[in-house]
Amino acid sequence: MVEDRTKRRRFHEPHGTSNYKIDMELHLSLNDESTSPRPHKQPMQSLMAVRESATDMRSKLLSDRENEAQDLLKSQFDLMEADDTYHQKRAALLLDEKTHRWDEPARHRASQAEQKAQNIITKIREHERIDPTIYGNLPGEAVPDAQTRDMGGRFLVNKPSIERSKVFEIAKMMPKGSHLHLHFNSELPPEVLFPHARSAEMAKTMFIRSTRPLCAKSDFANSEIVFNVLPDDTQTSDIFDPNYNSDLQSQTSSPWMLWADFRQKFPTDLAHEVVVEDMDEAESWAREKMTLTVHGTYDKHQTHNGTWACFNQGTRAFKGLLNYEGIYRWYIGNAIESMISDKVMYAELRPMLLDKTIPSNDGRRKLDHREQMTIICEEIEKKRTELDAAGNLDKFPFGLKIIYCTPRSIPRKRMQTELQDCIKLKLQFPHLICGFDLVGAEDRPNNVGFYADLLLAFTKTCEGLNISIPFMFHAGETLLDTGGSSNPDNSNLYDSLLLNAKRIGHGYALLKHPLLVEKYKAQNICLELCPISNELLHLCGNARQHPYPQLLAAGLHCTLNADNPSLFSSSLSHEFHQVMVGDPRMTIHGWKQLAEWSLEHSCLTAEEIGRALEIHRRDWEGFCEWVVETYGLFADGLAELE
Ligand SMILES: O=c1[nH]cnc2c1ncn2[C@@H]1O[C@H](CO)[C@@H](O)[C@H]1O
């Protein structure tokens with residue numbers, strides 16, 4: 001078999017190469033009738049002599065060929081050393097690629113300050129990559145110690161390094177344009193919500209429910225909790241009693257315990273992953289249930305569905321802490337403040353509007369959607385007036401808009417009423433409601449196509465009413481990409497295209513569909529990328545594995561988004577940091593392009609977008625100058641790296 005293969009390979013070798021030619025020459029010389037007539041029946045001895053002389057001849061020919069090869073190679077080395085054609089071709093190839101890069105238009109327009117800022121940030125980034133006080137993971141045989149980190153490695157593990165880095169300091173100051181994918185309950189962290197829940201006003205009306213009695217240590221680890229504002233005469237239970245009944249439907253008991261009582265009775269000997277100042281034991285414990293932790297996210301036994309389950313428990317816990325009148329009102333102004341400090345100038349928020357009411361602080365009144373949206377409008381206006389009076393209106397000139405969200409898990413009948421409610425709300429608040437989305441894990445039913453006829457009817461109705469409520473579906477936020485079924489044909493990426501989505505949430509799986517990539521570009525559908533969310537929900541291992549460089553290189557318009565910053569302990573600044581360190585090809589020009597797309601693909605009017613871009617360009621120039629002033633000398637002092 002081996003011999004067979006050798007023969008075949010030799011047969012296919014081109015003439016003039018290796019053994020084939022030598023063998024042919026040998027064969028010809030041995031068979032040359034003029035020099036050696038073919039002997040018949042030669043005696044054994046002379047046959048051996050012929051063989052020996054053939055071997056000698058063979059090695060002589062071989063050595064001649066080797067010498068020839070050596071001479072030829074040497075002269076080629078000399079020739080090529082003097083010939084620059086390859087390097088010219090390579091440089092031309094790189095230049096060609098550069099001129100086709102997705103960030104080229106932004107680079108092309110870059111001011112001198114921006115070009116300098118680009119060099120500074122790249123130099124600092126590459127130094128931080130190898131700086132042992134920040135990351136310091138160098139290629140080598142030494143096994144790194146426990147403190148060594150990879151730049152662009154796991155987000156939650158890397159957070160202390162990120163917060164020490166200058167790239168992050170710069171990312172925080174970068175003018176980011178709009179924040180287009182942000183779940184309503186997730187802008188502010190638990191530490192700012194707890195003081196309200198523990199305030200004197202809420203002492204008799206803020207309740208907690210657990211899915212099991214809290215007795216053994218494992219109960220504390222495994223229970224799920226939710227909060228609710230209820231009237232002060234609500235029947236209560238003791239969650240620490242082994243006979244505690246968590247059943248909401250029970251005829252004999254109520255599962256609710258006053259949060260104030262719960263905090264007082266909470267044990268003091270439980271360990272927490274993060275200790276937050278000014279938070280008591282119960283709050284620290286609850287906080288860990290609400291946010292994704294290092295342990296819960298990266299534990300070797302954690303699964304994709306497992307991390308989604310933790311995430312869903314977190315969102316359910318947030319809901320009760322936030323969805324009541326007092327804090328709802330307080331939240332809007334503070335969410336805007338938090339966005340301003342993150343250099344965001346406009347946002348489209350996604351509240352889940354399947355629940356139709358939120359309670360008043362005393363738990364006795366229910367505020368419907370109309371009242372909730374009125375609060376939002378009033379608080380936006382209040383903030384605008386405040387900003388205007390301080391001469392700061394350009395920091396947040398257009399307020400917020402709302403994308404109506406409902407779960408993908410509901411029956412079709414329920415979807416009909418949801419679509420109806422969305423239209424009603426749009427008619428009541430035409431400037432506030434700007435889109436419609438289906439939320440929930442995409443690996444669970446239903447896919448967008450399950451409701452296609454209802455969604456088409458919704459679009460037609462909007463056209464008839466002369467209103468615009470574009471779809472902005474969560475789509476492609478999945479590795480399976482089968483729309484919660486076992487059939488790849490159910491991917492939400494098909495329906496988002498056919499239903500004419502304005503943008504899609506995530507789009508992580510889009511590269512599986514080269515045809516759709518082209519169609520999304522042709523239809524100008526923008527992707528709301530959320531890299532940290534995708535890592536923490538187990539779509540990828542870290543920022544370096546996220547497909548954003550490929551999605552951008554494919555020519556798709558993308559934006560960066562924090563999705564659920566309070567659950568992920570992140571911010572939009574962290575997202576911009578992550579994409580800068582996740583791919584060495586990311587530039588400050590790319591940052592600018594992403595920010596500009598976030599304005600261009602927003603639901604602002606054309607006129608507002610024009611104004612927003614103007615403000616952004618001005619702020620951008622100021623930002624680049626600040627980078628040069630603040631970090632120019634520092635970067636000059638850093639050695640040039642290969
Ligand atoms: O990334 C996401 N993909 C899908 N659904 C999400 C995501 N983030 C939040 N939600 C869902 O939106 C609702 C309100 O916040 C919650 O039900 C939450 O599970």
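Throughout, residue positions are numbered sequentially from 1 according to the sequence presented. Note that ligands are numbered from 1 as they come in the structure, with each ligand's atoms numbered from 1 the same way.
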Within less than 4.0 angstrom of ligand 1, does [X] place any heavy atom?
X: H506; value: yes
X: F318; value: no
X: F568; value: no

**Report entry** From G440, C405, S409 - option closest to atom 5 (N) of ligand 1 by heavy atom
**Finding:** G440
Query raised in the report: Nearest non-hydrogen atom to atom 11 (C) of ligand 1 belongs to which of L539, V439, N534?
Result: V439
Requested in this report: Select one of side chain, backbone, both or neither to describe which atoms of N564 lie under 4.0 Å from any atom of ligand 1, heavy atoms only.
Outcome: side chain
Query raised in the report: When you look for heavy atoms under 4.0 Å from ligand 1, do you find them on the side chain of F311, its backbone, both, or neither?
Result: side chain
Query raised in the report: So H546 and Y508, ring-ring contact (aromatic ring centres under 6.0 Å, His included) or not? Walk me through it.
Result: CA-CA 8 Å; H546 193 279; Y508 187 99; 5.0 Å; yes
Quick one: look up the protein heavy atom nearest [atom] and list residue, atom name and how far away it is.
atom: atom 10 (N) of ligand 1; answer: H183 CE1, 3.4 Å
atom: atom 18 (C) of ligand 1; answer: T315 CG2, 4.0 Å
atom: atom 14 (C) of ligand 1; answer: M352 CG, 3.5 Å

Report task. To the nearest 0.5 angstrom, please state how far the CZ atom of R350 sits from the CG atom of L182. Result -> 9.0 Å
Report summary line: Taken to the nearest 0.5 Å, the spacing of E348 CD from C434 SG works out to 4.0 Å
Report task. Determine yes or no for a side-chain-to-main-chain donor-acceptor pair under 3.5 angstrom, with K176 supplying the side chain and A171 the backbone. Result -> yes
Query raised in the report: Are E163 and K172 ion-paired here, with the side-chain N under 4.0 Å from a carboxylate O?
Result: no
Query raised in the report: Would you call D150 and R544 a salt bridge, using N to O less than 4.0 angstrom?
Result: yes
So if I count the atoms of ligand 1 from 1 in the order they appear, which ones are less than 4.0 Å from some heavy atom of [X]?
X: E477; value: 1 (O), 2 (C), 3 (N), 4 (C)
X: N312; value: 19 (O)
X: D563; value: 1 (O), 2 (C), 8 (N)

Query raised in the report: So with a 6.0 Å cut-off around NZ of K521, is the heavy-atom count from everything else above 12?
Result: yes
Query raised in the report: Hey, would you say the H574 and F168 ring centroids sit under 6.0 Å apart?
Result: yes
Requested in this report: Would you please name every residue forming a salt bridge (Lys or Arg N to Asp or Glu O under 4.0 Å) with E273, sequence neighbours left out?
Outcome: none
